[in-house]
Engineer: 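Pasting in a structure now, in structure tokens, and then I'll have a few things to ask.
All values reported here derive from a predicted model rather than from experimental measurement.
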Amino acid sequence: MRRLLLTAAATAAALTLTACGTTEPAADDTTKKTDERITLTDASGAKVELDGPAKKVVGTEWNVVESLISLGVDPVGVADVKGYKTWDTTVPLKNEPRDIGTRGEPSMDTVAALSPDLIVATTDLPPAAVKQLRKVAPVLEVRAADAADPIGQMNENLDLIARATGTTDQADALKKQFDAKVAEGKKALADAGLGGAEYAFADGYVVSNQVSIRPFTSGSLIGAVNERIGLKNAWTVKGDESYGLASTDVEGLTKLGDDVHFAHIGSDGDKNSTPFTGALAKDSVWTSLPFVKKGNVHRLPDGIWMFGGPRSMEKYIDSVVAALTK
């Protein structure tokens, strides 16, 4: 699954697949608790019954792993531990969880050996895999993303995981901290005269010597955060219905305005993810772009997971403000 999210193919269809998810119904807000027993309805509409707050939890996707750690729950199993440590250093692992395999194909035997109370997955995980995991332990599915309300979906997922783990107070605190950071970032940009500034965020990949670029539209989580802090999304391309992601190439960047601020995130741990400071450095189209000539290109710090939770988005806001106001 790391390759689904972090290795773009040469075609637009494959690029969309890197983060595209299913469009399962939103999770039910109802939590029924009798004594210690907890009953939840997850994003797939399935009822999840727990004997009490889950303590031994497995996470099959990095955003749910981040949520668990942020809530004070150290997962006993994590998909692609090395990848998580590369791409999400904002919310680092505090323990040494068992690597359960890839995000798209978790090892059923490895998960079963952990005897978890709960497995938290997203609706991106294939139904066949979810069915197999349900034979091991209760599975709580959260919707991977929703371009109609990215921040609302982030909070809904956090709340659902918190109810399953008995950490609702921590979830409330995280949401308040995020709202405060949004207000702080918006004020800092406004004070710097950057309220309403044209801004385009993207990531990119090099595959077979070809550069593919993935715009984060207003329907992406990062795009929604950008607008919350007072920036204007400069992308005019249409994103997918879940992640709000689109696809383009270097020629597509010529449609951005001359005064746009362009920002990107890559990882030195994945050299194919840094084309804007690598493969395109001597590309005539890239170097001729007005915003490139003006120095309005900002590489934000590694380790901010672009599909993460409140803590990743807080670090993202700090990084954007620092880059644009320096």
Side-chain angles (χ1 to χ4, degrees), residues 2 5-6 19 59 61-75 78 81-94 145 150-155 157-158 161-162 167 170-192 194 197 199-204 214 216 220-231 233 243-245 261-270 273-274 276-277 297-326:
R2 175 162 182 255
L5 276 174
L6 300 176
E61 183 53 77
W62 294 342
N63 60 342
V64 304
V65 170
E66 177 181 321
S67 291
L68 287 165
I69 299 168
S70 300
L71 291 166
V73 180
D74 294 326
V78 170
V81 170
K82 181 179 179 181
Y84 185 90
K85 289 181 176 180
T86 297
W87 284 94
D88 197 340
T89 59
T90 301
V91 187
L93 294 168
K94 297 178 181 179
I151 294 174
Q153 190 63 55
M154 175 187 75
N155 288 334
N157 291 351
L158 183 72
I161 295 170
T167 55
Q170 292 90 325
D172 290 342
L174 285 167
K175 289 184 291 183
K176 288 178 181 177
Q177 291 166 12
F178 170 72
D179 289 342
K181 181 61 67 176
V182 167
E184 177 187 315
K186 184 173 184 177
K187 183 179 185 304
L189 291 175
D191 289 348
L194 291 165
Y199 179 85
F201 180 89
D203 61 4
R214 186 165 63 174
F216 283 57
S220 67
L221 178 56
I222 276 182
V225 170
N226 291 336
E227 293 185 353
R228 283 278 183 98
I229 61 176
L231 297 172
N233 200 315
Y243 288 91
L245 302 176
H261 287 271
F262 184 87
H264 59 98
I265 290 177
S267 174
D268 285 337
D270 185 345
S273 71
T274 58
F276 305 110
T277 54
V297 178
H298 315 280
R299 178 175 175 179
L300 305 184
D302 290 12
I304 301 173
W305 184 226
M306 296 164 283
F307 310 95
R311 289 184 60 192
S312 276
M313 292 303 102
E314 287 179 35
K315 179 66 176 293
Y316 172 76
I317 291 170
D318 284 340
S319 300
V320 171
V321 170
L324 268 57
T325 60
K326 67 181 179 180

Engineer: Using only atom types and a distance under 3.5 Å, with no angle test, would you say the side chain of S67 pairs donor to acceptor with the backbone of N63?
Structural biologist: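 Yes.
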Engineer: I want to check something: taking the side chain as every heavy atom from C-beta on, are I317 and K186 in contact at a cut-off of under 4.5 Å?
Structural biologist: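 They are not in contact (no side-chain heavy atoms under 4.5 Å apart), so the answer is no.
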Engineer: If you measure from CG on L245 to CE on M306, what distance do you get to the nearest 0.5 Å?
Structural biologist: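 Spacing of CG (L245) from CE (M306) equals 9.5 Å.
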Engineer: Looking at R299, I'd like to know if its CZ atom is crowded, meaning that more than 12 non-hydrogen atoms belonging to other residues, nucleotides or ligands lie closer than 6.0 Å.
Structural biologist: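 Enclosed: over 12 neighbouring heavy atoms sit under 6.0 Å from CZ of R299.
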Engineer: Any donor-acceptor pair under 3.5 Å linking the side chain of S267 with the backbone of W87?
Structural biologist: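 Not confirmed, S267 side chain does not pair with W87 backbone.
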Engineer: Using the salt bridge (charged side-chain N to carboxylate O under 4.0 Å, His left out) criterion, which residues pair with D74? Sequence neighbours excluded.
Structural biologist: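 Residues passing salt bridge (charged side-chain N to carboxylate O under 4.0 Å, His left out) with D74: none at all.
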Engineer: Mind running salt bridge (charged side-chain N to carboxylate O under 4.0 Å, His left out) on K176 and D172 for me, showing each step along the way?
Structural biologist: CA-CA 6 Å; K176 288 178 181 177; D172 290 342; over 6 Å; no
Engineer: State, yes or no, whether a side-chain contact exists between S70 and Q170 at a heavy-atom distance under 4.5 Å.
Structural biologist: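 Answer no - side chains too far apart.
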Engineer: Between V64 and E61, what is the shortest heavy-atom contact and its length?
Structural biologist: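 Closest pair (atom of V64, atom of E61, distance): CG2-O, 3.0 Å.
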Engineer: Does the side chain of D203 reach to within under 4.5 Å of the side chain of S273, using non-hydrogen atoms?
Structural biologist: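 D203 vs S273: side chains apart.
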Engineer: Can you see which heavy atom on P75 is nearest to which on V65, and at what distance?
Structural biologist: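 That would be CG-CG1, 4.2 Å.
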Engineer: Evaluate the side-chain proximity of E184 to I229: yes if any heavy-atom separation is below 4.5 Å, no if none is.
Structural biologist: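 SC-SC contact between I229 and E184 ruled out.
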Engineer: Could you pull out the closest heavy-atom pair between A188 and V321, with the gap in Å?
Structural biologist: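 In this case the closest contact between A188 and V321 is CB-CG1, 3.7 Å.
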Engineer: Side chains of L194 and H261: closer than 4.5 Å at any heavy-atom pair?
Structural biologist: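 Contact flag for L194/H261 side chains = yes.
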Engineer: Take atom NZ in K175; do more than 12 heavy atoms of anything else shown fall under 6.0 Å from it?
Structural biologist: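 Enclosed.
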Engineer: From I265 CD1 over to I222 CD1, what is the distance, rounded to the nearest 0.5 angstrom?
Structural biologist: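 Atom-to-atom, I265:CD1 and I222:CD1 are 5.0 Å apart.
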Engineer: Without swapping roles, check the side chain of T90 against the backbone of G303 for a donor-acceptor pair under 3.5 Å.
Structural biologist: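 Between the backbone of G303 and the side chain of T90 there is a qualifying donor-acceptor contact (under 3.5 Å).
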Engineer: In Å, rounded to the nearest 0.5 Å, how long is the span from OG1 of T89 to CD1 of I304?
Structural biologist: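 Output value for this atom pair is 8.0 Å.
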Engineer: Quick one, H298 and V320 - any side-chain contact, counting heavy atoms below 4.5 Å?
Structural biologist: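 No, every pair of side-chain atoms sits at 4.5 Å or beyond.
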Engineer: Once you measure the plane-to-plane angle for F307 and W305, does it fall in the parallel (<30°), tilted (30-60°) or perpendicular (>60°) bin?
Structural biologist: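 Rings of F307 and W305: perpendicular, as their planes differ by over 60°.
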Engineer: Below 4.5 Å, heavy atoms only, C-beta onward: do L174 and R311 meet side chain to side chain?
Structural biologist: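 The answer is yes, as the side chains (C-beta and beyond) meet within the 4.5 Å cut-off.
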Engineer: What are the two closest heavy atoms between P310 and L158, and how far apart are they?
Structural biologist: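 Taking every non-hydrogen atom into account, CG-CD2, 4.0 Å.
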Engineer: Who pairs with A224 by side chain to side chain contact (heavy atoms under 4.5 Å, CB included), at least two apart in sequence or on another chain?
Structural biologist: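 Checked A224 against side chain to side chain contact (heavy atoms under 4.5 Å, CB included); matches are P150, I151.
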Engineer: So how far is it from S319 OG to E314 CD, rounded to the nearest 0.5 Å?
Structural biologist: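 S319 OG to E314 CD: 11.5 Å, rounded to 0.5 Å.
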Engineer: Checking the side chain of D268 only, and the main-chain atoms of D302 only, is there a donor and an acceptor separated by less than 3.5 Å?
Structural biologist: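 Pair absent, no side-chain N/O of D268 close to backbone of D302.
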Engineer: So, applying ring-ring contact (aromatic ring centres under 6.0 Å, His included) with F262, which one of F216, F201, F276, Y199 is it?
Structural biologist: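 Answer after filtering F216, F201, F276, Y199: F276.
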Engineer: Are the side chain of S220 and the backbone of G223 linked by a donor-acceptor contact shorter than 3.5 Å?
Structural biologist: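 Here the side-chain-to-backbone pair exists.
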Engineer: Please test V91 against K315 for side chain to side chain contact (heavy atoms under 4.5 Å, CB included), starting from the C-alpha separation and ending with a verdict.
Structural biologist: CA-CA 10 Å; V91 187; K315 179 66 176 293; over 6 Å; no
Engineer: How about V73 and I161: do any of their side-chain heavy atoms sit closer than 4.5 Å?
Structural biologist: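 V73 vs I161: side chains apart.
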Engineer: Would you compute the distance between atom CE of M154 and atom CD of E66 and round it to the nearest 0.5 angstrom?
Structural biologist: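 M154 CE to E66 CD: 9.5 Å, rounded to 0.5 Å.
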Engineer: Between CG of N155 and CG of D179, what distance do you get to the nearest 0.5 Å?
Structural biologist: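 Here the interatomic distance stands at 7.0 Å.
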